[in-house]
Undergrad: 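Have a look at this one before I ask anything.
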Amino acid sequence: MLEKRYEPKDIEKKWYDFWIEKDYFRAEAKSDKPAYCIVIPPPNITGSLHIGHALDITLQDIMIRWKRMSGFNTLWLPGTDHAGIATQNVVEKELQKQNTDRHVLGREKFIEKVWEWKKLYGGTIINQLKSIGASCDWSRERFTLDEGLSRAVKEVFVRLYEEGLIYRGEYLINWCPRCHTALSDLEVEHEDKQGKLYYIKYSFMDGNGHITVATTRPETYLGDTAVAVNPEDDRYKHLIGKKIRLPIINRDVPIIADEFVDASFGTGAVKVTPAHDPNDFDMGKRHNLPFINILTGDGKMSEEAGPYKGQDRFECRGNILKDLEETGHLEMVTDHNLAIGHCYRCKTIVEPYLSMQWFVKIKPLADEAIKAVKDGRVKIIPSGWENSYFDWMENIRDWCISRQIWWGHRIPVWYCQEMRNAECGMRNGTIVSRDEPKSCPYCGSGSLFQDDDVLDTWFSSALWPFSTLGWPDDTEDLNTFYPTSVLITGFDILFFWVARMIMMGLKFRDQEPFKHVYIHALIRDAEGQKMSKSKGNVVDPLKMTEMYGTDAFRFTLAAYAAQGRDIKFSEQRVEGYRHFLNKIWNVARFISMNVKEGEERALAVKVKNLSLADRWVLSRLSSVCSEINKALEEYRFNDAAGALYQFIWHELCDWYVEMIKPELYGDYEESKRAAFFTLVHVFEVSLALLHPFMPYITEEIWQQLPGKKEDESLCIREYPSTEDGIEDKDAEKKMNIVMDAVTCIRSIRGELNLSPSLELQALIKTSNSTENILKENITYLEKLAKAKNIEIGKEILPPKNAATAIKPAMEVFVPLEGLFDIDAEISRLSKEKIKIEEDIEYVKKKLSNEDFTSKAPQAVVEENKDKYINYLDKLQSIQNNIDKLNQWRESNE
RNA sequence: GGGCGGAUAGCUCAGUUGGGAGAGCACAGCCCUUACAAGGCUGGGGUCACAGGUUCGAGCCCUGUUCCGCCUACCA
């Protein structure tokens, strides 16, 4: 006998340990079974489980458990990401607390520190994944800085370099002055802000007059090396070639002509700062202008800033504005909206900054990745995301991959310091190598030093689907599981990660890394706001599992996961699904209460005499099985969850269990056994269907269920298919008639506020076809409608003082005697009458429209004609009853 | 600036080839009926954002408008 309440805590741990001990989650490198593989989006080692992970993990676990049960050789490959900048930041903060910093420690010692930190805290998130039931193959867990993955990174770097797809050069990149490193374009978050447009007067060198330029960043004027105008702009044509003198610092720069300048914006004259603006950079190249870097790496003004040297960039802006104003060079200031780039890790405003960096020439890789999606080798679900993917891929720019931090994959490049011969000189002493070279392969010098930079973390993540499987070695895992089956993740890393995996997978494996990409929603709070620590509106998934149990939480996430829409998370809904678990738990208790000694074996007996209820529920089960499988196949998690909820609660519990109670409590052994067998069978199959969604409670109940299958765990029971039920349309049809009759009586009871304990008599006037069905199943009516002395027949006449309910093919009368209120009943029926009259009007209009009858499909026309006849019948019945009631009333008066 | 998505019951959302709108929660009424009051039964509640169009027929397809959300962008 099961406990009165379901207590998740102990049970969850018990079964997770059991599954691990039995090694169910381990995949086979070689197997006759078809392979099914998902690589986990590796969470940061600095992270702890947030609700987005919880959704992501739940959906993956559902797919994995479903496929494992469905007979696949299933691999869910887990791991974590070293998260270069984020992790370095965390450890640096620790050092700060100890009043030291990484430069004091030195590179080697610092990295040791980070590894120590990783050992201590890096496993946190992995344990949290386990706690929500993730059935990963932990024996294959990987970390992006593992020896093996590092080898893959070097291999890829070297090969891309050798093909000319990786190059080094001095360009404008996004620079975070706080993290002290370059960022890729993607790592910059733009935020729209109300800013100012400053109009600065530049006097001509000869002292006569001036030209005004507009800028949002006045401090950069210190780096100006030209003023540009559009060559077609009549206002300025005559000034081209003239020189102006920059205020305060008195540098003389030319006025140049460039097509890029939009004459309609601002004054039509642009200050050109090649070292601090991407457009100006291009112009600088075109016109051979000097590049003056006025900033230092930590966002302060450099040597080039003259009197402003050493000032913080924003402090400097203020000072410069003041000085320009005082010297009469600030013409005016207007409001101006602009998007400002922030570092995605620390939110500091980034600077376009000129520096020497490594880049991936991305176009050739992107072209292949576009093709893979275009011709369907990679399918993105929901397909709406394909547009974004193409848009980004088609306008992609070279990827800056070097980072000026220490934690990460150090760039496998060395520089020869001596460059003893021409060959070495030709290469600028650059040595790109998989292994650390002892001496320069070109000139033999032993004086080498390695590039200081590390690679973008996403560079190693891009290799994840094959580096984790053993690449560059030719492993069995790789042959078995690559390409993987599906990648499940949020859209926020579609470009960061998904797109880059596709590029790298195609490049190095000649095959797409996954066949499907399922993009799920972002979880917001109940008001639709993005969750963030600063807003204080985060929902802690671990708290949810503690309060409601992991299963209820997981089921909630699945039920929420409709495609293409964000999730507004409400705790109430978790509570609702906890009730669902309670319901399931109680059916299990009901079953356990009805098991008697020796009955378990009887379950194996082939039962022949199935009742209508048995046949109905088995038929419903059959269609639910196919519904669930189809929904999961199409990643419609919410539909699958909804179908299970509906079936188990409202069909199995509300109808079936109630219907078989008379049999279970009765003495007729054969039908008792049939009912019990069917109940246990349907429930067992339901548990199996549910298992991927709520693994713990289903396992707990299943283990105690009589007549379960041979397997030692629900984890490895075969996933149900339509054959687990028995399709029986005839039973469904008959059952619907029985249900209609029950509903009629219940409606009368409910609408007249009669007590559920009050037994009612019922007289049912039927058509030919329904009479026998109802007569055969009269016990259901008695039980479910709490009715007695039921009379069924074609010739039934409405008794006096009876309430009436009408359904297709039946009229139900409930005599009420003293309780009967004739006026209330007339008004009840009149309401029904109005409804049906509206219906009739609607269909009549349709049918009398010749266009409809001639142009609509014949089936639709027929359907409406049938409807019309049925409506008329119903109206007739209602009218007859109203007439009768009126007669009675008159005769009583 | 470009692109994408959304607007359906009080709330959160389904709605799969266009054939008279559904669920869960909330609400109201009757019930401690021996699995379950975390429950049962019954019921009320919608101009499917707005305006046009296509069609015999539109929540669904097309055009435009408004509001909201998101992505993207080298708008000085």
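Residue numbers start from 1 in every chain, and the chains themselves are labelled A, B, ... in the order their sequence lines are given, proteins ahead of strands.
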Undergrad: Describe the nucleic acid contact of A:Gly341 in one word from base, sugar-phosphate, nothing, applying a heavy-atom distance below 4.0 Å.
TA: nothing
Undergrad: For ring pair (Phe, Tyr, Trp, His ring centres under 6.0 Å), just list the numbers for A:Tyr645 and A:Tyr577, CA-CA rounded to whole Å, side-chain angles, deciding distance to a tenth of an Å, and then say yes or no.
TA: CA-CA 9 Å; A:Tyr645 185 93; A:Tyr577 287 120; 5.6 Å; yes
Undergrad: Heavy atoms under 4.0 Å, any strand shown: does A:Asn638 hit a base, just sugar-phosphate, or nothing?
TA: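 Since no nucleic acid heavy atom lies under 4.0 Å of A:Asn638, the category is nothing.
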Undergrad: Would you say A:Gln563's side chain and A:Tyr635's backbone share a donor-acceptor pair under 3.5 angstrom?
TA: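 Between the backbone of A:Tyr635 and the side chain of A:Gln563 there is a qualifying donor-acceptor contact (under 3.5 Å).
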Undergrad: Hey, is the main chain of A:His276 close enough, under 3.5 Å, to the side chain of A:Arg217 for a donor-acceptor pair?
TA: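 Checking the backbone N and O of A:His276 against the side chain of A:Arg217, a donor-acceptor pair under 3.5 Å is found.
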Undergrad: Starting the side chain at C-beta, find the nucleotide from B:rC13, B:rA76, B:rG44 nearest to A:Asp262.
TA: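 Nearest to the side chain of A:Asp262 among the choices is B:rA76.
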Undergrad: Determine the contact category for A:Lys786: base if any of its heavy atoms lies under 4.0 Å from a base atom, sugar-phosphate if only primed atoms, P, OP1 or OP2 are that close, otherwise nothing.
TA: nothing
Undergrad: List for me each residue that meets salt bridge (Lys or Arg N to Asp or Glu O under 4.0 Å) alongside A:Lys196, sequence neighbours excluded, and say none if there are none.
TA: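 Residues passing salt bridge (Lys or Arg N to Asp or Glu O under 4.0 Å) with A:Lys196: A:Asp335.
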Undergrad: Between A:Tyr560 and A:Ser570 (side chain of the first, backbone of the second, donor and acceptor by atom type, cut-off under 3.5 Å), is there such a pair?
TA: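 Yes: the side chain of A:Tyr560 pairs with the backbone of A:Ser570.
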Undergrad: Once you apply a heavy-atom cut-off of 4.0 Å, does A:Ser755 come out as touching a base, just sugar-phosphate, or nothing?
TA: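 The answer is sugar-phosphate, as A:Ser755 gets under 4.0 Å only of primed atoms, P, OP1 or OP2.
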Undergrad: Are the side chain of A:Arg286 and the backbone of A:Asp258 linked by a donor-acceptor contact shorter than 3.5 Å?
TA: no
Undergrad: Is A:His579 close enough to B:rG39 that one of its side-chain N or O atoms is under 4.0 Å from OP1 or OP2 there?
TA: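 For B:rG39, OP1/OP2 do have a side-chain N/O of A:His579 under 4.0 Å.
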Undergrad: Kindly point out which of B:rA76, B:rU12, B:rC41 is positioned nearest to the side chain of A:Phe265?
TA: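 Between B:rA76, B:rU12, B:rC41, the one nearest the side chain of A:Phe265 would be B:rA76.
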Undergrad: Side chain of A:Phe495: nearest nucleotide among B:rG44, B:rA73, B:rC71?
TA: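 Closest nucleotide to the A:Phe495 side chain: B:rC71.
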Undergrad: Under 4.0 Å between any heavy atoms, over every strand shown, what does A:Glu575 touch: base, sugar-phosphate, or nothing? Just pick one.
TA: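 Contact class for A:Glu575: none.
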Undergrad: With a 4.0 Å cutoff (strictly under), does any side-chain N or O of A:Lys661 reach OP1 or OP2 of B:rA35?
TA: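 Affirmative; the distance criterion is met.
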Undergrad: Looking at every strand, decide which applies to A:Phe580 at a 4.0 Å heavy-atom threshold: base, sugar-phosphate, or nothing.
TA: nothing
Undergrad: Measuring from the side chain of A:Arg589 (C-beta onward, heavy atoms only), which nucleotide among B:rU42, B:rA35, B:rA76 has the closest atom?
TA: B:rA35
Undergrad: Would you indicate which nucleotide in B:rC56, B:rA35, B:rG20 comes nearest to any side-chain atom of A:Phe590?
TA: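 Minimum distance to the A:Phe590 side chain belongs to B:rA35.
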Undergrad: Name every residue in residues 858-866 of chain A that has at least one heavy atom under 4.0 Å from any atom of RNA chain B, in order of residue number, or write none if there are no such residues.
TA: A:Val860
Undergrad: Do A:Arg749 side-chain atoms and A:Ser755 backbone N/O form a donor-acceptor pair below 3.5 Å?
TA: yes
Undergrad: For A:Leu338 and A:Ser757, take the nucleotide of RNA chain B holding the closest heavy atom to each; which residue's nucleotide lies nearer the 5' end?
TA: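 Nearest nucleotide further toward 5': that of A:Ser757.
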Undergrad: With a 4.0 Å cutoff (strictly under), does any side-chain N or O of A:Tyr560 reach OP1 or OP2 of B:rA23?
TA: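 Looking at the OP1 and OP2 atoms of B:rA23, neither is under 4.0 Å from any side-chain N or O of A:Tyr560.
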Undergrad: Verify the neighbour count for atom CD of A:Glu634: are there more than 12 heavy atoms of other residues, nucleotides or ligands below 6.0 Å?
TA: yes
Undergrad: Check every strand shown and say whether A:Pro857 touches a base, only sugar-phosphate, or nothing at a heavy-atom separation below 4.0 Å.
TA: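 The answer is base, as A:Pro857 lies within the cut-off (heavy atoms under 4.0 Å) of a base atom.
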Undergrad: If you check the A:His336 side chain, which of B:rG43, B:rG40, B:rA76 turns out closest?
TA: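 So the side chain of A:His336 is nearest to B:rA76.
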Undergrad: Can you tell me which residue among A:Tyr171, A:Trp175, A:Phe281 is in a side chain to side chain contact (heavy atoms under 4.5 Å, CB included) with A:Leu354?
TA: A:Phe281
Undergrad: Using a 3.5 Å limit on both distances, find every run of at least three consecutive Watson-Crick or G-U pairs that involves RNA chain B.
TA: B:1-7 with B:66-72, B:10-13 with B:22-25, B:27-31 with B:39-43, B:49-53 with B:61-65
Undergrad: Describe the nucleic acid contact of A:His650 in one word from base, sugar-phosphate, nothing, applying a heavy-atom distance below 4.0 Å.
TA: sugar-phosphate
Undergrad: Expressed as a whole number of Å, how far does the P atom of B:rC48 sit from that of B:rA58?
TA: 12 Å
Undergrad: Need one value for A:Tyr577: base, sugar-phosphate or nothing, where a base atom within 4.0 Å counts as base even if backbone is also close, heavy atoms only.
TA: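 Touches nothing.
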Undergrad: Take atom P in B:rG3 and the same atom in B:rG46, then report the distance between them in whole Å.
TA: 39 Å
Undergrad: Within the structure, does a side-chain N or O atom of A:Lys846 lie under 4.0 Å from either OP1 or OP2 of B:rC56?
TA: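 So the side chain of A:Lys846 is outside the cut-off, no N or O lying under 4.0 Å from OP1 or OP2 of B:rC56.
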Undergrad: Cation over ring, A:Lys285 on A:Phe291, under 6.0 Å and within 45°?
TA: yes
Undergrad: Check whether A:Arg235 reaches the backbone of A:Ala263 with its side chain - one donor and one acceptor, N or O, closer than 3.5 Å.
TA: yes
Undergrad: With a 4.0 Å cut-off on heavy atoms, is A:Ser747 in touch with a base, just the backbone sugar-phosphate, or nothing at all?
TA: sugar-phosphate
Undergrad: Looking at every strand, decide which applies to A:Val657 at a 4.0 Å heavy-atom threshold: base, sugar-phosphate, or nothing.
TA: base
Undergrad: Is A:Asn582 touching bases, backbone alone, or none of the nucleic acid, heavy atoms closer than 4.0 Å?
TA: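 Base, at least one base atom sits under 4.0 Å.
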Undergrad: Which part of the nucleic acid does A:Trp649 contact within heavy-atom distance under 4.0 Å: base, sugar-phosphate only, or nothing?
TA: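 Sugar-phosphate only.
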Undergrad: Heavy atoms under 4.0 Å, any strand shown: does A:Ala588 hit a base, just sugar-phosphate, or nothing?
TA: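 Contact class for A:Ala588: none.
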Undergrad: What's the closest nucleotide to the side chain of A:Ala856 if the choices are B:rU12, B:rG19, B:rC30?
TA: B:rG19
